[in-house]
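Note that the coordinates shown come from a computational prediction; the quantities given were computed from them, not determined experimentally. Order of listing sets the numbers, starting from 1, for every ligand and every atom in it.
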Amino acid sequence: MPFPLESVRSSYPALSDGFAYLDGAAGTQTPDSVIDAVSAAYRAGLGNVGGAFPASHRADEIVAACRAAVADLVGGHPDGVVLGPNMTTLTYRLARALTGPGDEVVVSRLDHDANVRPWTQTGAAVRWAEVDPVTGELPVDQYAGLIGERTKVVAVTAASNILGTRPDLPAIAELAHRAGALLYVDGVHATPHGPVDMRALGADFYATSAYKWSGPHMGAVVADPVLLETVRPAKLRPSPDTVPERFETGTSAFADLAGVTAAVDHLAAMVPGSGTRRERLLASMAAAEEHELELFATMIAGLETMPHVTLHGKPARRTATAYFTVAGHTPRQVAEHLAGLGVNVWNGHNYAWELTGALGLRDSGGAVRAGLVHYNDHSDVTRLLEGVARLS
Ligand SMILES: Cc1ncc(COP(=O)(O)O)c(C=O)c1O
């Protein structure tokens, strides 16, 4: 099924401002249906959860609907969906609940720092998986030597937020599980770029952030509820001790959660289809991925022909995310030049702290990141290529 790009684009009001939004890896734009869902939640009258009156019941329903939606998106169970303000906050919380002194954790230099530092700061011993700085791959065979009987958690990304590298997670999961360790997958960058099946990936925990896939600024971590029953996070005395609620501190942003559900519904409906929401999501996200990768091939081919451009990493399996430097210009200068031409790209390390260190780019301002998501079109890519060509 071809991707209905024009109808998808028309649902995003921000895209009419004339900019080429190639900054999706730092946060996507939101469609009307999400904006409307957030405002409808407030307009209807919204109470806190667990009360005796209708406005409170509406909050209860919003939370339940949101858990079901996120579960559909990643292939999890609604009772295992932990909701929170963002992935970083949730990962800190889970890292403290899962590990501590006497344990070992394995982290990777491919990862965004949000899936590194929370694990290295609990007192557990840390072992590092290295990247190949030329290809940008995370070789799997090293994990056999890194995972041991004291390993509690292996934390690894489903996709690099700067190079797009998609590591072989099922193979890493197998090694982790054989040693009795848990696999904590950072799915923040991967989720918007194709269908997700956390069980097929071997993820015991799968973290994602709705603002990377057309939703509000919210995060979620999904796990098997049976596993969550075995974990006891720090919590207030009177707050619920049930799963998944005991992992959620304080009062949630209920209206935003209504927006998260609307974002999942939007993704499921991008490509017309029938079946359950999960089935429609799988079909829709597969079509979106195909569309992105086709545009990405044009983008990479264009950048590769430019002698003044150096592309970093060449992973075999990747999202549509390019990271490059331009001779004679700092990444910030390139981003400013492109912004002047109406093209939004990111510059810097993008919190891929260890990876930009391994690539030798961190101390010189990182590089330029141009990423595609489902709503990007050929003219976005052409404008990027024309803008970069002018810097030769
Ligand atoms: C791969 C990856 N992991 C984690 C994060 C952190 O997510 P959050 O902003 O929800 O804490 C980001 C944010 O850019 C990311 O790209």
Record the part of Y211 in heavy-atom contact with ligand 1 below 4.0 Å; permitted values are side chain, backbone, both and neither. side chain
Return a yes/no value for M87: is any of its N or O atoms, backbone included, closer than 3.5 angstrom to an N or O of ligand 1? yes
Any donor-acceptor N or O pair under 3.5 Å, side chains Y323, T356: no
Just to verify, which of V373, L15, V34, D17 counts as forming a side chain to side chain contact (heavy atoms under 4.5 Å, CB included) with Q29? L15
T157-ligand 1 polar pair, N/O distance under 3.5 Å: no
For atom 14 (O) of ligand 1, the closest protein heavy atom turns out to be K212 NZ, 2.6 Å
Under 4.0 Å from a heavy atom of N161: which atoms of ligand 1 are those, numbered in the order shown and with their elements? 1 (C), 16 (O)
Heavy atom of H217 under 4.0 Å from ligand 1? no
Measure the distances from the heavy atoms of N115 to every atom of ligand 1 and state whether one is below 4.0 angstrom. no
Going through the checks in order, is the salt bridge (charged side-chain N to carboxylate O under 4.0 Å, His left out) test met by R199 and D224? CA-CA 10 Å; R199 292 194 189 102; D224 185 334; over 6 Å; no
Quick one, E354 with R117, criterion salt bridge (charged side-chain N to carboxylate O under 4.0 Å, His left out). Give me CA distance, side-chain angles, the key distance, then yes/no. CA-CA 10 Å; E354 297 294 334; R117 233 47 67 181; 2.9 Å; yes
Taking everything shown except E336 itself, do over 12 heavy atoms lie less than 6.0 Å from its CD? yes
Taking only non-hydrogen atoms of S209 and a 4.0 Å limit, the atoms of ligand 1 in range are 7 (O), 8 (P), 10 (O)
Need the ligand 1 atom indices (1-based, order shown) with element for anything under 4.0 Å from a heavy-atom of H189. 1 (C)
Quick one: do E386 and R390 make a salt bridge, cutoff under 4.0 Å? no
Report yes or no: do S214 and Y12 form a side-chain donor-acceptor pair below 3.5 Å? yes
